[in-house]
Amino acid sequence: MYYTYAIKSKVHNYIYVGITNNLQRRISQHNKGYNRSTKPHRPFELIYYEVFPDREKAHQREKYKSGVYN
């Protein structure tokens with residue numbers, strides 16, 4: 001399973017949309033500062049996610065959702 005997710009910074013006006021096969025681990029990585037693009041905006045809260053059977057479908061949705069939030 002793959003997830004398309006959106007996280008929102010608790011301190012800045014910033015939303016990040018991504019995909020992963022382990023949602024809990026990925027949110028933790030964002031909050032620990034492992035991702036260069038999200039590190040300055042920590043901490044984050046999960047605001048949205050969807051589950052997909054494969055990476056391709058999750059990626060298609062990620063591209064769509066990125067446009068919605070930007």
Side-chain angles (χ1 to χ4, degrees):
M1 292 297 186
Y2 283 86
Y3 302 85
T4 297
Y5 65 95
I7 54 176
K8 182 181 185 320
S9 170
K10 293 182 179 182
V11 294
H12 298 115
N13 184 23
Y14 181 80
I15 294 175
Y16 177 86
V17 177
I19 62 171
T20 185
N21 63 351
N22 186 326
L23 188 58
Q24 187 174 23
R25 181 198 72 226
R26 190 67 179 127
I27 304 291
S28 176
Q29 290 173 337
H30 284 295
N31 281 321
K32 289 178 180 176
Y34 294 165
N35 185 300
R36 188 169 46 159
S37 64
T38 59
K39 186 176 182 175
H41 305 289
R42 296 177 295 163
F44 287 93
E45 63 182 335
L46 180 66
I47 60 170
Y48 177 84
Y49 74 94
E50 286 183 73
V51 182
F52 295 93
D54 59 61
R55 183 173 169 76
E56 178 62 30
K57 286 183 176 52
H59 181 66
Q60 290 170 356
R61 187 64 167 164
E62 176 194 26
K63 291 191 312 187
Y64 171 78
K65 286 307 234 185
S66 291
V68 169
Y69 288 117
N70 289 326

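All residue numbers refer to positions in the sequence shown, counting from 1.
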Can you name the side-chain contact (heavy atoms from CB on, under 4.5 Å) partners of Tyr34, sequence neighbours left out?
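For Tyr34, the residues satisfying side-chain contact (heavy atoms from CB on, under 4.5 Å) (neighbours in sequence not counted) are Gln29, Lys32.
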
Go through the structure and list residues passing side-chain contact (heavy atoms from CB on, under 4.5 Å) with Gln24, not counting sequence neighbours.
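Per chain and number, Gln24 pairs via side-chain contact (heavy atoms from CB on, under 4.5 Å) with Asn22.
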
Is the count of non-hydrogen atoms from other residues, nucleotides or ligands lying under 6.0 Å from [X] atom [atom1] greater than 12?
| X | atom1 | result |
| --- | --- | --- |
| Asn13 | CG | no |
| Lys8 | NZ | yes |
| Arg36 | CZ | no |

Hphob cluster co-occupancy, Val17 + Tyr3, side-chain heavy atoms under 4.5 angstrom:
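Unlinked, Val17 and Tyr3 end up in two clusters.
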
So if you build clusters from Ile, Leu, Val, Met, Phe, Trp, Tyr with side-chain heavy-atom gaps below 4.5 Å, do Leu23 and Val51 land together?
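Result: yes, single cluster for both.
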
Look up atom CZ in Arg25 and atom NE2 in His30, then write down how far apart they are to the nearest 0.5 Å.
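Arg25 atom CZ to His30 atom NE2 measures 10.0 Å (nearest 0.5 Å).
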
Look up atom OH in Tyr49 and atom CD1 in Ile7, then write down how far apart they are to the nearest 0.5 Å.
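If I round to the nearest 0.5 Å, the distance is 15.0 Å.
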
Which pair of non-hydrogen atoms, one from [X] and one from [Y], has the smallest distance, and what is that distance?
| X | Y | value |
| --- | --- | --- |
| Phe52 | Lys57 | CD2-CB, 3.9 Å |
| Leu46 | Ala6 | CD1-O, 3.5 Å |
| Tyr2 | Ala58 | CB-CB, 3.8 Å |
| Ser9 | Phe44 | N-CD2, 3.5 Å |

Can you label the angle between the Tyr5 ring and the Tyr16 ring as parallel, tilted or perpendicular, going by 30° and 60°?
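The arrangement is tilted - the two ring planes meet at 30° to 60°.
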
When you check the side-chain N and O atoms of His59 and Glu62, is any donor under 3.5 Å from an acceptor?
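Per modelled atom types, His59 and Glu62 side chains form a pair under 3.5 Å.
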
Is there a donor-acceptor contact under 3.5 Å from the side chain of [X] to the main chain of [Y]?
| X | Y | answer |
| --- | --- | --- |
| Thr20 | Arg26 | no |
| Arg42 | Lys39 | yes |
| Thr4 | Ile19 | no |

